[in-house]
Amino acid sequence: MTVRVRFAPSPTGHLHVGNLRTALYNWLFARQNQGIFVLRIEDTDLTRSHSRFEEELMEDLRWSGLDWDEGVDVGGEHGPYRQTNRLNLYQEHCKQLLSEEKAYHCFCSVEAIEQERQAQLATGQPPRYSGKCRDIPPQEASQRVRDGKAAVVRMKSRQGIVTFQDIVFGSLEVEGSEIGDFVLLRSDGTAPYNFACVVDDVLMKITHVIRGEGHISNTYRQVLLYEALGFQLPHFAHLSTILGRDGTKLSKRHGATSIDEFRRQGFLPGALLNYLALLGWAPPQEGREILTPEQLSAEFDLSRVNRSPAAFDWDKLNWVNRSHLKELGQPLLTELAIPYLQDCGWIPPEPSAEIKEWLGDVIQAVFKYLDKVEDVVQETELIFSFDPGKGLSDPAVQEALSENGAVEVIREFHDRVQRHQILDLETYKGVVSEVKERTGQKGKNLFHPIRVALTARISGPELNQLIPIFEEGQHLDLPAPITPVKGRVQAVLDHLHDYLRNQPGN
RNA sequence: GGCCCCAUCGUCUAGUGGCCUAGGACGCCGCCCUCUCAAGGCGGUAACACGGGUUCAAAUCCCGUUGGGGCUACCA
């Protein structure tokens, strides 16, 4: 039998990391079994659902690389795939349950039920629908409905153990009397989650229901529905919740949680998926955690998924993403980085081939240090936006300058640099050895001041890589020209003189 | 309140009664490399929530306690 799984989000907001992990586990399971992955939109909550969210949701999912075989946009044999387009199916099945007296009309008002609930809560009883309308004779109920009385349809729950096997949690059960008579059809004719879900899963021939842990208690109700409708139970697998770093439920205050935010920050979809897969599951081979979606689907094992909730860890996500970024290689990363640099106004909207080639060198110099593509901005700021005033005001830079001989190195470096027409890498190296000879400084005491002279910072990419970038960059047609070596040293020295003049005792 | 679920290093996890003086990964710390910060390499720190059982033997099985999560909707 073909494995059929589904991801069934509600279009009530952005796609969330928790949802994406659920989608991923479904996808992984489908792919490793040559199965079908269905995307179903659960939009029966009319007040919260928006078609705008449906679009965003699919966009996020497409970006992630999880592709679906059936769904609202791609169609399929078991459509429609949007629940609001399936209301007739729910009504049909509801009619069946009604005629078999497995369900009944309930005429209690929302207010009355709320009152009942409060009263039960107040006396310490479990709040459940009393079943008041259960005993209204079906004929009388039908007549009342025909007369236009507002009514919902409720399921008759039963006594006795309700149980099912869960691939992740094992055998799960609850006493039937714990389950109240839940609503199958609302007064407006739409179906709430539990009923719509079961009808759809049956009709869409879903073999494995893989969803969030929060649905375990819904599953008991759904088992009742499968029984009443006379359908065979699918396999169930429930996934634990993703928690924030502090162990509470993941939310906005833990940082980004919606997928579009991760995309904007420059996380690679494959890396996000890789990390999410690791949240609740471990690859069989220890120490081999960086995996592509294809490798994941080959090694993934649903029955080995962890039951306990997992905390979302940014440090590890960053590491996973960095690893994927390195795998990607410089040319592709350059393409990804361009939009971020354009946003800063550093790169023209349509960079020339010459600029792109130079950019390749820029990316080459920094790409090992990027956790996410977005980081390219702060890593390359010293190239595109040279600001000695700001740089020299940094206490750490000032401390480096206060080292014995530091200023002398900069002056000497400045003088030597001025003597050369072109400053390619070889010339630069020659200049450095001259400075070394004249000042007697070496190692850190030599290079630290030179770094400050060139970047007004004490840390950054290798100077040897930076020199050609500065020199070649100055000839490029960029929105703001790249300051070449001479200009940089001159500017730093000017600021330095101002700075020294203002230092009492100097 | 009731019901259900969960509990191994700071975090993600391996572990399915002896292979566990508990393994790996991220982080952290140290060393090496090095012009800097990183990156990279090497090494180190660090956990079976607690209390009872069962057993020759328990991280692994059972019970309880504590702590977390979920459900208890005409939300999903």
Side-chain angles (χ1 to χ4, degrees), chain A residues 8-10 12 42-45 47-49 83 106 108-110 113-114 117 120-129 150-154 166 169-170 172-175 177-180 182-194 196-197 211-221 238 240-241 243 245 247-249 275 278-290 304 306-320 322 326 366-370 379 396 400 432 442-452 455 457-464:
Chain A
S10 297
T12 55
E42 307 211 329
D43 58 346
T44 64
D45 183 353
T47 55
R48 294 202 303 150
S49 299
Q83 289 189 325
C106 169
C108 298
S109 68
V110 181
I113 289 175
E114 183 52 29
R117 225 178 80 87
Q120 287 168 329
L121 238 30
T123 55
Q125 289 169 355
R128 264 196 295 275
Y129 175 63
V152 300
V153 176
R154 285 184 185 275
D166 191 282
F169 284 86
L172 259 19
E173 61 171 56
V174 76
E175 168 52 45
S177 55
E178 293 293 333
I179 305 170
F182 55 97
V183 172
L184 261 28
L185 224 52
R186 302 186 183 108
S187 48
D188 66 358
T190 62
Y193 174 73
N194 281 300
C197 179
R211 78 226 303 190
E213 181 188 19
H215 287 297
I216 287 179
S217 42
N218 281 323
T219 308
Y220 301 118
R221 295 188 186 86
H238 287 93
S240 67
T241 324
L243 270 22
R245 194 69 165 72
T248 64
K249 203 177 174 186
Y275 174 67
L278 259 22
L279 230 41
W281 169 81
Q285 196 183 332
E286 280 193 346
R288 194 164 162 264
E289 296 191 335
I290 300 301
R304 281 172 52 92
N306 223 21
R307 282 182 277 277
S308 51
F312 194 89
D313 181 6
W314 282 91
D315 286 330
K316 184 137 184 182
L317 202 219
N318 284 338
W319 172 75
V320 171
R322 194 164 70 227
K326 282 179 195 156
V366 301
F367 93 107
K368 278 186 301 219
Y369 322 125
L370 306 179
E379 289 295 329
V432 171
K442 58 179 183 174
K444 194 171 173 175
N445 290 336
L446 175 65
F447 284 98
H448 231 148
I450 292 177
R451 174 172 292 280
V452 172
T455 67
R457 298 188 184 202
I458 52 162
S459 69
E462 279 182 46
L463 290 174
N464 285 355

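Because the structure is a prediction, the values reported are computed rather than measured. Per chain, numbering begins at 1; letters A, B, ... match sequence-line order.
Regarding contacts with the backbone of C71(B), every side-chain N or O of Arg221(A) stays at 4.0 angstrom or more from both OP1 and OP2. The phosphate of A76(B) (OP1 or OP2) has a side-chain N or O of Thr44(A) nearer than 4.0 angstrom. Residue Arg288(A) places none of its side-chain N or O atoms closer than 4.0 Å to OP1 or OP2 of G24(B). Dashed line: the shortest gap from a side-chain N or O of Arg322(A) to OP1 or OP2 of G27(B) is under 4.0 Å.
For the C1' atom pair drawn from U8(B) and C48(B), the interatomic distance equals 4 Å after rounding to whole Å. Comparing the C1' positions of U45(B) and C9(B) gives a spacing of 10 Å, expressed to the nearest Å. Separation of the P atoms belonging to G30(B) and G70(B) is 39 Å when rounded to the nearest angstrom. The C1' atoms of C26(B) and A73(B) are separated by 41 Å, rounded to the nearest whole Å. Distance check on atom P: A7(B) versus U16(B) gives 15 Å, rounded to whole Å. Atom C1' of U21(B) sits at a distance of 26 Å from the matching atom of G53(B), rounded to the whole Å. Comparing the C1' positions of G64(B) and C19(B) gives a spacing of 32 Å, expressed to the nearest Å. The same atom, C1', is picked in U13(B) and in U60(B); the two are 16 Å apart, to the nearest Å.
Closest to the side chain of Glu178(A), out of A76(B), G27(B), G2(B), is G2(B). When each of C12(B), A76(B), G70(B) is scored by its nearest atom to the side-chain atoms of Arg48(A), the top-ranked nucleotide is A76(B). Set against C5(B), G15(B), C12(B), the side chain of Arg304(A) has G15(B) as its closest nucleotide. Listed nucleotides: C35(B), C26(B), A76(B). Nearest to the side chain of Lys444(A): C35(B). Picking from C12(B), G69(B), G40(B) the nucleotide with the shortest atom distance to the side chain of Thr241(A) gives G69(B). Residue Ser217(A) places its side chain closer to G70(B) than to any other of U13(B), G70(B), G27(B). Residue Arg451(A) places its side chain closer to U36(B) than to any other of C74(B), U36(B), C6(B). Looking at the side chain of Lys326(A), the nearest of the listed nucleotides C71(B), C6(B), G40(B) is G40(B). The listed nucleotides are G24(B), G27(B), U13(B); the one nearest the side chain of Ala282(A) is U13(B). Considering only the side chain of Asn306(A), A14(B) comes nearest among G10(B), A14(B), G27(B).
There is no side-chain donor-acceptor pair under 3.5 Å between Ser10(A) and Glu42(A).
Note on ring orientation: taking the six-membered ring where Trp is involved, the planes of Phe312(A) and Tyr275(A) are perpendicular (angle over 60°, cut-offs 30° and 60°).
The base of A76(B) sits within donor-acceptor range of the side chain of Asn218(A), with an N or O pair under 3.5 Å. For G23(B), its base sits under 3.5 Å from the side chain of Glu286(A) at one donor and acceptor pair at least.
Contact check for Arg307(A) versus Glu213(A): no side-chain heavy atoms found under the 4.5 Å cut-off. In this structure, Val320(A) and Glu289(A) have side chains that are not in contact, with every pair of non-hydrogen atoms separated by 4.5 Å or more.
Using a 4.0 Å heavy-atom criterion, one finds that Tyr193(A) contacts the bases of the nucleic acid, with or without backbone contacts as well. Across all strands shown, Gly280(A) has heavy atoms under 4.0 Å from sugar-phosphate atoms exclusively, and none from any base. Looking at heavy-atom distances under 4.0 Å, Tyr275(A) makes no contact with the nucleic acid at all. Among the heavy atoms of the strands lying under 4.0 Å from Val183(A) are primed sugar atoms or P, OP1, OP2 only; no base atom is included.
Nearest heavy-atom pair, Ala196(A) versus Gln83(A), reported as atom, atom and distance to 0.1 Å: CB-NE2, 3.5 Å.
For the pair Arg154(A) and Tyr129(A), the cation-pi criterion (under 6.0 Å, within 45° of the ring axis) is fulfilled.
A residue-by-residue look at Glu462(A) and Val174(A) shows that Val174(A) has its nearest nucleotide of RNA chain B further toward the 5' end. Where Lys368(A) and Phe312(A) meet RNA chain B, the nucleotide closest to each residue was compared, and Phe312(A) sits on the side nearer the 5' end.
Between Glu462(A) and Arg451(A) there is no salt bridge, since no side-chain nitrogen of the basic residue lies less than 4.0 Å from a carboxylate oxygen of the acidic one.
Atom CG of Leu463(A) and atom C1' of U34(B) are 12 Å apart (whole Å).
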